[in-house]
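Only one structure is covered here, and it is reproduced in the block below.
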2 protein chains.
Amino acid sequence: MKKQVTIKDIAEKLGFSVSTVSRALKDHPDISIKTREAVKELAKLLGYKPNRIALNLKNSKTYTIGLLVPETQHYFFSTIINGIEEVAYENNYNVMVFQSNDKYMREVLNIQALLSNRVDGVLVSYAKETRDFSHFQQIIDNEIPLVFFDRIKKDLHADTVSVDDYHGAFQAVSYLLGKGCRRIAIYSAPQHLLLGQNRLRGYKDALEKNGIPFNKDLVYSCDTYQDAIKISRSIFKKKDMPDGLFAVNDMTALGAMKAARKLGISIPEELKIVGFENSLSSSICDPELTTVDQFGFEMGKKATKLLLKRIEQNSFDYTPEHLQIKTQLIERGTC
Amino acid sequence: MKKQVTIKDIAEKLGFSVSTVSRALKDHPDISIKTREAVKELAKLLGYKPNRIALNLKNSKTYTIGLLVPETQHYFFSTIINGIEEVAYENNYNVMVFQSNDKYMREVLNIQALLSNRVDGVLVSYAKETRDFSHFQQIIDNEIPLVFFDRIKKDLHADTVSVDDYHGAFQAVSYLLGKGCRRIAIYSAPQHLLLGQNRLRGYKDALEKNGIPFNKDLVYSCDTYQDAIKISRSIFKKKDMPDGLFAVNDMTALGAMKAARKLGISIPEELKIVGFENSLSSSICDPELTTVDQFGFEMGKKATKLLLKRIEQNSFDYTPEHLQIKTQLIERGTC
DNA sequence: GGAAAAATCTTTTGCGCAAAGGTTTTTTTC
DNA sequence: GAAAAAAACCTTTGCGCAAAAGATTTTTCC
């Protein structure tokens, strides 16, 4: 590969020292206007771009934030990434993305890569498989600011930004109850994820507040489209099928809708459904899906702003904040 | 922030020179086994991670590829990103993402950032606004390998990976004709994009081959969901509404479906639709959308493999390749 | 025992840049 | 016109690492 132009090249061509060129480019008052202009002109002519790598090394600052997500193509995550890149761009930071594919081992290796790359801060939504968090502790030990989003972990020295899962679930289930549902199933996320616990809690509390006893037979562990189709098919065939469904995310809600359609179950008449996400698909399907908006773009922005605040405050000695994004029930056709 | 552990720290603690530590860590035969082990042990204990920034500078190689896309949250692009990250991960490269938001100015600035960051190669799908390509020429002038994907540009010294848009369109329109359509509308991408031209060409040729005259009144410029709803509403109200629609992407197809449903037009009886993408939503809607699979994941992988090949071959003196991803018609309910 | 050979470690350099701290040249001032 | 002050430029250093080249110690072998 071709060598990029350096200040040394400019210095040699002009007969100045590198230091003069360096200062000229930054309008240092020590350098005469004439020299400054000559330097800048040649720099432009040669297409000089400051080598950020050299600066990174010198200042031990990379203006890069590391982003670790399960998978980029999930609508929710890709929306978050959009928000992250947005704020990063505004603040002249770069974003390095890593996927865990929900694999613990890959997550650990990715964290090593982030450390080697000396990113200034890290944004993480961890893998479903992850039970051990010592790789994240490593980041913290190096005093690199860390912000968890969506899938959060509260007992580490790290800020978190999450959806108000409890409130969202409570809202959704209350809404179903208000629409007359008395037998509401929940498709639930894994219970080792905080969001899984919180949504289930919201579900329970909403039932309780309305005098409906909690029935653990109506709790199904299910968080993908395919699973939802399979599980729904078996549930909807039963005599005592539910009259309402609160789904952990839009995809499972849509899976349930697909199964219901196949079985001739009419929505919302026989079954009312509320999803969680407000994905694109939720407004495309028919009937349109009532869902809880998670504001992924906002979450990405908030998480990044918080991270940049941590990066730019000089001390690592702070008390982690735990932000929550308010959800919003989007009333549409499935209720 | 805390200083990361360096070989110097290890050297001082152990009373060796930095060079000995450096060699010990790489099992250089000059260093005694005893020393090697002592060094490695302390390195592990202190959590030493080689500083990639220093290596980047020394070797003028960053093991980072720059990725520039219009927007991360488009399903197609997020799928591509998945493929890119996959291959990058396998080859120990990192991915830096930038969004143009389809803005030319932002694209130019992002390219400057990529240059400053001395990425080893660049993957680009350029902005809709982009007419001038000199910022990409700058990358090429620096002899940094460049691969365009999806939205490609052929007359630069850059490889390209694209969907076989012509064939996909031809296939889709032929299929509509085979199903009995005689008046097929097309929702077309901007004509300055090669993919827009190619798909329109495929549409025309398919008509021609089947003896249907091309009618420019059936060509609509439309490539978003909202536009599709608006345009469809007006088209479908006409007496001479089309009996078939070939849409530039799934979102516009879905927009048309939504409009049709509102107007009581039955699909596929009164109107048959083929999309382009095979997005998630396309199999969620009802009826399920017949569409052309673009294999985004494959595209991301192929583009990255090609880029890595260019990076790792020592010479910049190569003839650009132009790969095409074969499309596949997915027959579903809208035809 | 002593020179050659082998083993083991160290010093130095450069990657590109910026900043601290020099040096030289020019201008000012009495 | 000479000292002081200001302007304009230069040399050096360090960021962390690896590799070239050099230095020291230990071993080998007749």
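Throughout, protein chains are lettered first and strands after them, A, B, ... in sequence-line order, and every chain is numbered starting at 1.
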Exercise. Name the nucleic acid region contacted by A/Ser32, choosing base, sugar-phosphate or nothing; use a 4.0 angstrom heavy-atom cut-off, strictly under.
Key: sugar-phosphate
Quiz item: Out of D/dC17, C/dC9, C/dA19, which has the shortest distance to the side chain of A/Arg23?
Solution: C/dA19
Quiz item: When the distance from NZ of A/Lys58 to C1' of C/dG14 is rounded to whole Å, what number comes out?
Solution: 16 Å
Practice problem: Output the single nucleotide from C/dC17, C/dC15, C/dT8 whose closest atom is nearest the side chain of B/Asp30. | Solution: C/dT8
Quiz item: If only side-chain N and O atoms of A/Ser19 are considered, is one of them under 4.0 Å from the OP1 or OP2 phosphate oxygen of C/dC17?
Solution: no
Quiz item: Going by atom types alone, do B/Gln137 and B/Asp141 pair a side-chain donor with an acceptor below 3.5 Å?
Solution: yes
Practice problem: Please state how far atom CD1 in A/Ile33 lies from atom C1' in C/dT26, giving the value in whole angstrom units. | Solution: 17 Å
Quiz item: Just by distance, do the side chain of B/His74 and the backbone of B/Phe76 share a donor-acceptor pair under 3.5 Å?
Solution: no
Quiz item: Whole-Å distance between D/dG16 P and A/Asn142 CG?
Solution: 13 Å
Quiz item: CD1 of A/Ile7 versus C1' of D/dT12: gap in Å, rounded?
Solution: 14 Å
Quiz item: Salt bridge or not for A/Arg151 and A/Glu107, using N-O below 4.0 Å?
Solution: no
Quiz item: Closest nucleotide of DNA chain C for B/Asn59 versus for B/Ile31: which of these residues is on the 5' side?
Solution: B/Ile31
Exercise. Output yes when at least one side-chain N/O atom of A/Thr20 is less than 4.0 Å from OP1 or OP2 of D/dC10, else no.
Key: yes
Quiz prompt | N/O (side chain, B/Lys26) to phosphate O (OP1/OP2, D/dA18) under 4.0 Å | solution = yes
Quiz prompt | First of A/Val18 and A/Arg36 reached from the 5' end of DNA chain D, by closest nucleotide | solution = A/Arg36
Quiz prompt | Whole-Å distance separating the CG atom of A/Asn51 from the P atom of D/dG16 | solution = 17 Å
Quiz item: Atom CG of B/Asn117 to atom P of C/dG16: distance rounded to whole Å?
Solution: 16 Å
Quiz item: Reckon B/Ser22 touches a base, only the sugar-phosphate, or nothing at all at heavy-atom distances under 4.0 Å?
Solution: base
Quiz item: D/dC17 P sits how many Å from B/Asp9 CG, rounded?
Solution: 9 Å
Quiz item: When you check the gap from the basic side-chain N to the acidic O, do B/Glu86 and A/Arg106 get nearer than 4.0 Å?
Solution: yes
Quiz item: In whole angstrom, what separates B/Leu57's CG from D/dC15's C1'?
Solution: 9 Å
Exercise. Indicate yes or no for a side-chain donor-acceptor contact from B/Gln294 to the backbone of B/Val163 under 3.5 Å, with no hydrogens or angles considered.
Key: no
Quiz item: Side-chain N or O of A/Ser17 less than 4.0 angstrom from OP1 or OP2 on D/dC10?
Solution: yes
